[in-house]
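Could you have a look at this structure, given as structure tokens, before my questions?
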Amino acid sequence: MGGAAVALLAATRRRSTPPVASLLHRAARGLHEATAAAEEDKVRTRRRRSSSTRLLGPDISDTWDPDPRAAARQPPPRASAVDCESTATIIDGKSIAEDIRLQISEEVRQMKNAVGHVPGLAVVLVGNRKDSQSYVRFKVKGCEEVGIKSLLAELPENCTEDEVVDSVSRFNEDPSVHGVLVQLPLPQHVDEEKILNAISLDKDVDGFHPLNVGNLALRSRKPLFVSCAAKACLELLLQSGIDLMGKHVTIIGRSKVVGLPTSLLLQRHHATVSVIHAFTANPEEITRESDIVISAAGVANLVRGSWLKQGAVVIDVGTNPIEDPASDYGYRLTGDVCFEEAVTVASAITPVPGGVGPVTIAMLLANTLDSAKRVYGLSDSTP
């Protein structure tokens, strides 16, 4: 074999048998690539933080749908009067509201003598719902009784959002108006939040503005206004001498009108608060553990006597129309609590009507008065 052939064969053998270092290098590179691929797969499957929308929860309507127990919620036969087995003290909201109105009336008179002005309350009413019209009439009548000026803007059911906002804006700019409220509910085509946010913060006598609600939630701060219904619930409890500190209070319903602000207000009084809503699995068990039950679900006779522990205090915010041929109007108002049953278990209870309703209107008048006091520099007012 020639010299050239021998050299070619030797070179071929050298290429076909790589050195140990080269083999180790290739093995290390393969291991690195496999590790990198595994890390990439791990990143792809790693949990991602929840989005803000997910953390805030689903926006589901809190509707108390009928369930198989609905038939059991029918009220028992009405008695002509509370029977001898009754043990509960009836918390007289009408009497408490009357005392508050008398005080407001005197302060309005003093304001007029001091600065020549009286508080002013403006109401925006959209549509022709009978219940809304009735509530507005009560509010206007309440203003008249204490000397507060009232203004009313009535808009048709088919009005636009801009028309409602314009009405609110005019009242915002009127210096003689110290409180502005929009009667709820609004027609479905009107954005409720947009309308409520249009109300000036310093005239938000319903206490629905986000800053008022937020300041209520922060114990170190004071909101300009607190929801009238929430204040009414607390006023009824305090005026009745009910101790709140450390007590277990269950609120049925979590609306921005009653449930939410009431729960925040009660925590300022150092109560232990449970909130029941339409998705709560065991509402009866929770209420049976409670010292105080405040119901604002809007479901007639939802809370039966079996839901209450002996001696509980019951504040019934519900006002539900029930057909009653014997009534002049063809219906009567009843609460969320079956009064005939609860009155034999509770130690104190508010009736419907004549309980929370009158005090709620009195709190609206008080909020309007406090707003006017701030404007005229007469005193520092606390919601």
Side-chain angles (χ1 to χ4, degrees), residues 59-75 93 126-127 129-136 138-139 181-188 192-193 196 206-208 227-233 236 249-266 273-280 283-284 286-287 290 292-305 307-308 314-324 327 329-342 349-361 363-364:
D59 185 11
I60 302 174
S61 177
D62 202 15
T63 304
W64 293 79
D65 294 323
D67 62 26
R69 298 173 297 176
R73 291 183 186 150
Q74 296 302 315
V126 182
R129 284 178 58 118
K130 297 298 183 184
D131 55 347
S132 292
Q133 291 173 337
S134 176
Y135 296 146
V136 169
F138 284 130
K139 292 169 183 176
L181 70 86
V182 176
Q183 184 63 45
L184 302 179
L186 293 169
Q188 289 188 351
E192 183 177 292
E193 290 303 316
L196 294 180
D206 259 340
F208 296 155
S227 159
C228 302
K231 288 178 71 173
C233 291
L236 287 161
V249 184
T250 290
I251 301 172
I252 305 175
R254 54 180 175 178
S255 72
K256 65 173 171 286
V257 179
V258 187
L260 173 61
T262 303
S263 67
L264 296 175
L265 201 52
L266 282 164
V273 181
S274 298
V275 178
I276 288 176
H277 48 77
F279 302 96
T280 301
E284 299 170 50
I286 296 172
T287 56
S290 306
I292 301 168
V293 176
I294 300 174
S295 186
V299 179
N301 299 300
L302 172 68
V303 180
R304 309 307 297 251
W307 284 40
L308 306 172
V314 179
I315 304 295
D316 192 350
V317 188
T319 52
N320 310 291
I322 298 294
E323 290 186 10
D324 186 355
S327 171
Y329 301 99
Y331 70 92
R332 59 183 173 87
L333 292 179
T334 188
D336 292 350
V337 180
C338 183
F339 185 84
E340 290 84 352
E341 294 178 1
I349 186 171
T350 57
V352 177
V356 178
V359 183
T360 299
I361 293 177
M363 293 296 102
L364 172 63

**Request:** Report the distance from atom CZ of F138 to atom CG of L364, rounding to the nearest 0.5 Å.
**Result:**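 It is 14.0 Å, given to the nearest 0.5 Å.
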**Request:** Give me the one residue out of D316, V317, V258, I294 that meets side chain to side chain contact (heavy atoms under 4.5 Å, CB included) with V356.
**Result:**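 So the option named by the test is V317.
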**Request:** Please report the shortest heavy-atom distance between V359 and G93, naming the atom on each side.
**Result:**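 Minimum heavy-atom separation between V359 and G93: CG2-O, 3.4 Å.
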**Prompt:** Between L302 and W307, is any pair of side-chain heavy atoms under 4.5 Å apart?
**Reply:**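 Yes; the side chains approach each other to less than 4.5 Å.
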**Prompt:** Okay, side chain of D336, backbone of N301: is any donor-acceptor separation there less than 3.5 Å?
**Reply:** no
**Asked** Can you name the closest pair of heavy atoms from A342 and I349 and give their distance?
**Response** CB-CD1, 3.8 Å
**Item:** Where K139 and L181 come nearest, the two heavy atoms and their spacing
**Value:**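 So the minimum-distance heavy-atom pair works out to NZ-CD1, 4.1 Å.
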**Asked** What residues, two or more places apart in sequence or in another chain, satisfy salt bridge (Lys or Arg N to Asp or Glu O under 4.0 Å) together with E193?
**Response**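 Per chain and number, E193 pairs via salt bridge (Lys or Arg N to Asp or Glu O under 4.0 Å) with K256.
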**Message:** So, taking the atom named CZ in F279 and the one named CZ in R254, what distance separates them when rounded to the nearest 0.5 Å?
**Reply:**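 Between atom CZ of F279 and atom CZ of R254 there are 6.5 Å.
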**Request:** Please test V352 against T334 for side chain to side chain contact (heavy atoms under 4.5 Å, CB included), starting from the C-alpha separation and ending with a verdict.
**Result:** CA-CA 6 Å; V352 177; T334 188; 5.6 Å; no
**Request:** To the nearest 0.5 angstrom, please state how far the OG atom of S255 sits from the CG atom of L260.
**Result:**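 S255 atom OG to L260 atom CG measures 8.0 Å (nearest 0.5 Å).
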**Asked** Where is the tightest heavy-atom contact between A300 and I322, given as atom of each residue plus distance?
**Response** CB-CD1, 3.7 Å
**Message:** Looking at every heavy atom in both I286 and S274, which two are closest together, and how far apart are they?
**Reply:**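 For I286 and S274, the tightest heavy-atom pair comes out as CG2-CB, 4.0 Å.
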**Request:** Could you grab the distance from atom OG1 of T350 to atom CD1 of I315, nearest 0.5 Å is fine?
**Result:**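 If we round to the nearest 0.5 Å, T350:OG1 and I315:CD1 are 5.0 Å apart.
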**Item:** Main-chain N/O of H277 paired to T280 side chain as donor or acceptor, under 3.5 Å
**Value:**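 A pair under 3.5 Å: yes.
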**Request:** Measure the shortest side-chain to side-chain distance between P185 and S132 over non-hydrogen atoms and say whether it is less than 4.5 angstrom.
**Result:** yes
**Asked** Going from CD1 on I251 to OG1 on T287, what distance comes out if it is rounded to the nearest 0.5 angstrom?
**Response** 13.5 Å
**Prompt:** Partners of S290 by side chain to side chain donor-acceptor pair (under 3.5 Å), sequence neighbours excluded?
**Reply:** T250
**Prompt:** For S263, which residues count as a side chain to side chain donor-acceptor pair (under 3.5 Å) partner, sequence neighbours excluded?
**Reply:**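 None.
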**Asked** In Å, rounded to the nearest 0.5 Å, how long is the span from CD of Q183 to OG of S134?
**Response** 9.5 Å
**Prompt:** What closest approach, in Å, do T360 and A232 show between heavy atoms, and which atom pair accounts for it?
**Reply:** OG1-CB, 3.4 Å
